[in-house]
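Taking it in order: structure first as structure tokens, then the write-up.
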Amino acid sequence: MTTLEDLLKIPRFSDLKLLTHPTKANTIVESIEISETPDVAGFIPKKIFLLTTAMVYKENQKELITLIDSLKEQEAAGIGIKVGRFIETIDPEVVAYANEVDFPIVQVPSTQPLGGLLHQLLNYLWDTKTEQLSYALDIQKRFSNLLIHDVSIARFVADFGKMINTPVILLSPYRKVIAHSKHFTQTSKPAEYYVEQLINKYDCWSEDSHASFVIKDLNQSTLQIAGFPVTVNSYFPHYLLVLNPEQVPYPMSEFAVEQAGLVLSFMLYKNQKIQESLDFLKSDFLAQLVEYQQTPHQTRRDWLDLGANYGLKKSTQYQIVYAVCSQTTTTATKIKYQQEESDVAFQWLQETLPLRIKHISIFKVKNTNHLAILIQSRVDDLEEILQELSLELSEKLPITLTFALGNLYETIEQIASSFIEAKTAYEEMLTMTSSILTHRYHPKGMKSLFEKMSLEDIHYFCESTLKELAYPVEDSFIELRKTLQCYLSFQCEISKTAKEMYLHRNTIKYRIDHCAKLLGKSIQDPTNSLNLRLALELSERSNQHQ
């Protein structure tokens, strides 16, 4: 990539004089043309440096302004006007206008034949392009050699930094340093020092395109960083940072970085697919463990031995936490996004959770984008830890992790019970109106079976079971209902009921006999007793909802 400024610095072109401001000469030159045609802009490609004698404009130089406008619109690199033949000097008004529109004008002396100048300029450009092509092929050859030898990502990044002679850092989607070149071992600050500065200064860091950042180095001097996305997934790319890109020796070009990014994409993708096959086996193991408990009369299996490769430990404390990335209205229909989001969250938890909780193993739940965290130790502040992790991730990426907790159990076989409880707690979270990050499973008993019944159905069940005692208004029926409720709660023992209600046991016996006649059934019968208990509870709850 050669600029007009580069051309003018070459000694052989020292007699070319830039009339416009030096800052206007940073335009890219890809070819050179000679023309005396006023409408030449309609017939040339972009980034052309035009040479002319301005023969057509010798009587009225102000018409050069129209030519400048047309060349500017075509994104030409500039114009070189030969003086001394048709034009003695270039009109200052033309130069002033060129400065206004940021278009460079170069004065070519009368002693310089335009044909010879064209040949010299093109030779330089062609030599440069040949050198760039040679460098690009060399880069490809070296990268291919590294791939053939199956080097690690850390080794590749280190070699790439050495190749371009500047510090290089590879980041994960959540800004963690995966690998870096060896330049950082020679300084007092690690790669993380520069990444932290970058994150703190640029809150809205976008990975969609190439970016340029400015931070402070160890001496508090300005340090430039060029950033390039490394696409492994569609939505959450990795990132390659190149420090001091302006100091990279020629002919380092974007081609080298693009090739490095392509190779890194391949290496990361390969590693991801290998990990996915291992995760699939792990997910399958969890599915078998849960299915085993739900299937009766199974032969006993040594789950500790079978799960040794999946992180299972011998313990007296087992608990499952169900982890899910909560969806927004935008992401709810994006299946690919949800899958990648879950993968990123999985990697995040794999790296951060073991630092806070001992003896954990994280599973991908089969045929879903959900995760199951197996905790094999007692953690008193578990919910606080999970909430902190969720907030930390949401600060780095637009991902909100929510957690549903099953109960703690003592044996491996009971892991399935904790899993089912955690999944049930997650399903409860979906019905909640308020947004929470953690929710713990709470047993509900038989009453939960009636939660989705309408009030009409509940009333019918209660009235057909309890009759006048379902929703009593008279004092006598109210007292009978209280006595029946107490009697059933003490397993139909008259003495304990009498003691609890401060009444004589004969009074209790009389009231229970009266209840039996009223209801037309034996209260002591197990089936009747169960129905009466449930009807008493449901009628009381339905009264509260009215």
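Just the heavy atoms: all of them, side chains too, but no hydrogens, waters or symmetry mates, feed the values below.
- Side-chain atoms of Gln327 and Glu341 include a donor-acceptor pair closer than 3.5 Å.
- The two atoms that bring Leu241 and Gly227 nearest to each other are CD2-CA, 4.0 Å, heavy atoms only.
- At a threshold of 4.5 Å between non-hydrogen side-chain atoms, the residues Ile169 and Leu240 do not count as touching.
- For the pair Glu75 and Lys46, the salt-bridge criterion is met [side-chain N within less than 4.0 Å of a carboxylate O].
- A donor-acceptor pair is defined here as one N or O able to donate and one able to accept, closer than 3.5 Å; no such pair exists between the side chain of Thr331 and the backbone of Lys334.
- Between Met267 and Leu147 there is a side-chain heavy-atom pair separated by less than 4.5 Å.
- Between Leu401 and Leu437 there is no side-chain heavy-atom pair separated by less than 4.5 Å.
- With a 4.5 Å cut-off on side-chain heavy atoms, Leu405 and Glu383 count as touching.
- A donor-acceptor contact closer than 3.5 angstrom links the side chains of Tyr322 and His370.
- In this structure, the separation between OH on Tyr310 and CG on Asp284 is 7.5 Å, given to the nearest 0.5 Å.
- Pairing each heavy atom of Thr2 with each of Tyr124, the nearest pair is CG2-CE2, 4.0 Å.
- A side-chain donor-acceptor contact under 3.5 Å links His21 to the backbone of Thr23.
- A distance-only check finds no donor-acceptor pair linking the side chain of Ser31 to the backbone of Ile48 [under 3.5 Å].
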Test log, rule side chain to side chain contact (heavy atoms under 4.5 Å, CB included), inputs Tyr235 and Lys336: CA-CA 9 Å; Tyr235 297 97; Lys336 179 68 173 172; 4.0 Å; yes
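- Side chain of Ser181 to main chain of Ala158: no donor-acceptor pair is present (N/O by atom type, distance under 3.5 Å, no hydrogens or angles).
- Between Tyr194 and Phe184, the gap from one ring centroid to the other is short of 6.0 Å.
- A 4.5 Å side-chain heavy-atom check between Val40 and Leu67 finds at least one atom pair inside the cut-off.
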Show the numbers, then the answer: is there a side chain to side chain contact (heavy atoms under 4.5 Å, CB included) between Val106 and Leu8? CA-CA 9 Å; Val106 176; Leu8 296 177; 4.2 Å; yes
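- No donor-acceptor contact under 3.5 angstrom links the side chains of Asp343 and Gln347, judged on distance only.
- Ion pair Asp159/Arg142 not flagged as a salt bridge, since none of the NZ, NE, NH1 or NH2 atoms sits closer than 4.0 Å to an Asp/Glu carboxylate oxygen.
- A distance-only check finds no donor-acceptor pair linking the side chain of Ser283 to the backbone of Val365 [under 3.5 Å].
- Using modelled atom types and a 3.5 Å distance limit, the side chains of Ser342 and Lys364 yield no donor-acceptor pair.
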Evaluation steps, side chain to side chain contact (heavy atoms under 4.5 Å, CB included), between Phe143 and Met163: CA-CA 10 Å; Phe143 285 172; Met163 196 182 299; 3.5 Å; yes
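- Distance check, rounded to the nearest 0.5 Å: CG of Leu117 to CD of Gln120 gives 6.5 Å.
- The shortest distance between side-chain heavy atoms of Val83 and Pro109 does not fall below 4.5 Å.
- With Thr52 contributing its side chain and Glu36 its backbone, the two residues share no donor-acceptor pair below 3.5 Å.
- If you look at Phe103 and Tyr97, their ring centroids are not closer than 6.0 Å.
- Lys72 places a side-chain N or O within 3.5 Å of a backbone atom of Val101 that can act as its donor or acceptor partner.
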Could you give me the CA-CA distance, side-chain angles and deciding distance for Phe266 and Phe156, then say whether ring-ring contact (aromatic ring centres under 6.0 Å, His included) is met? CA-CA 12 Å; Phe266 173 79; Phe156 178 85; over 10 Å; no
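- Aromatic rings from Phe363 and Phe346 are positioned such that their centres are separated by 6.0 Å or more.
- With hydrogens and angles disregarded, no donor-acceptor distance shorter than 3.5 Å links the side chain of Glu192 to the backbone of Val177.
- A salt bridge links Arg356 and Glu392; the closest N-O separation between the charged side-chain nitrogens and carboxylate oxygens is under 4.0 Å.
- If you take CZ on Phe403 and CD on Gln387, they are separated by 9.5 Å, rounding to the nearest 0.5 Å.
- With salt bridges taken as basic N to acidic carboxylate O contacts below 4.0 Å, one links Lys270 and Asp150.
- For the atom pair OG1 (Thr89) and CG (Asp91), the distance works out to 7.5 Å, reported to the nearest 0.5 Å.
- Put simply, the side chain of His119 never gets that close to the backbone of Gly115: no donor and acceptor are under 3.5 Å apart.
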Go through the steps for Lys24 and Asn99 under the test side chain to side chain contact (heavy atoms under 4.5 Å, CB included), then give the verdict. CA-CA 7 Å; Lys24 316 298 181 187; Asn99 268 321; 3.7 Å; yes
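- The closest side-chain heavy-atom distance from Val29 to Thr3 is not below 4.5 Å.
- From Ser277, atom OG reaches atom CD of Gln272 across 11.5 Å, with rounding to the nearest 0.5 Å.
- With no hydrogens or angles considered, no side-chain donor-acceptor pair links Asp69 and Thr66 at under 3.5 Å.
- Looking only at atom types and distance, the side chain of Gln112 has a donor-acceptor partner in the side chain of Asp15 under 3.5 Å away.
- The CG atom of Leu64 lies 7.5 Å from the CD1 atom of Ile105; values are rounded to the nearest 0.5 Å.
- In this structure, Arg155 and Leu146 have side chains that are in contact, with non-hydrogen atoms separated by less than 4.5 Å.
- A donor-acceptor pair under 3.5 Å is formed between the side chain of Ser35 and the backbone N or O of Thr37.
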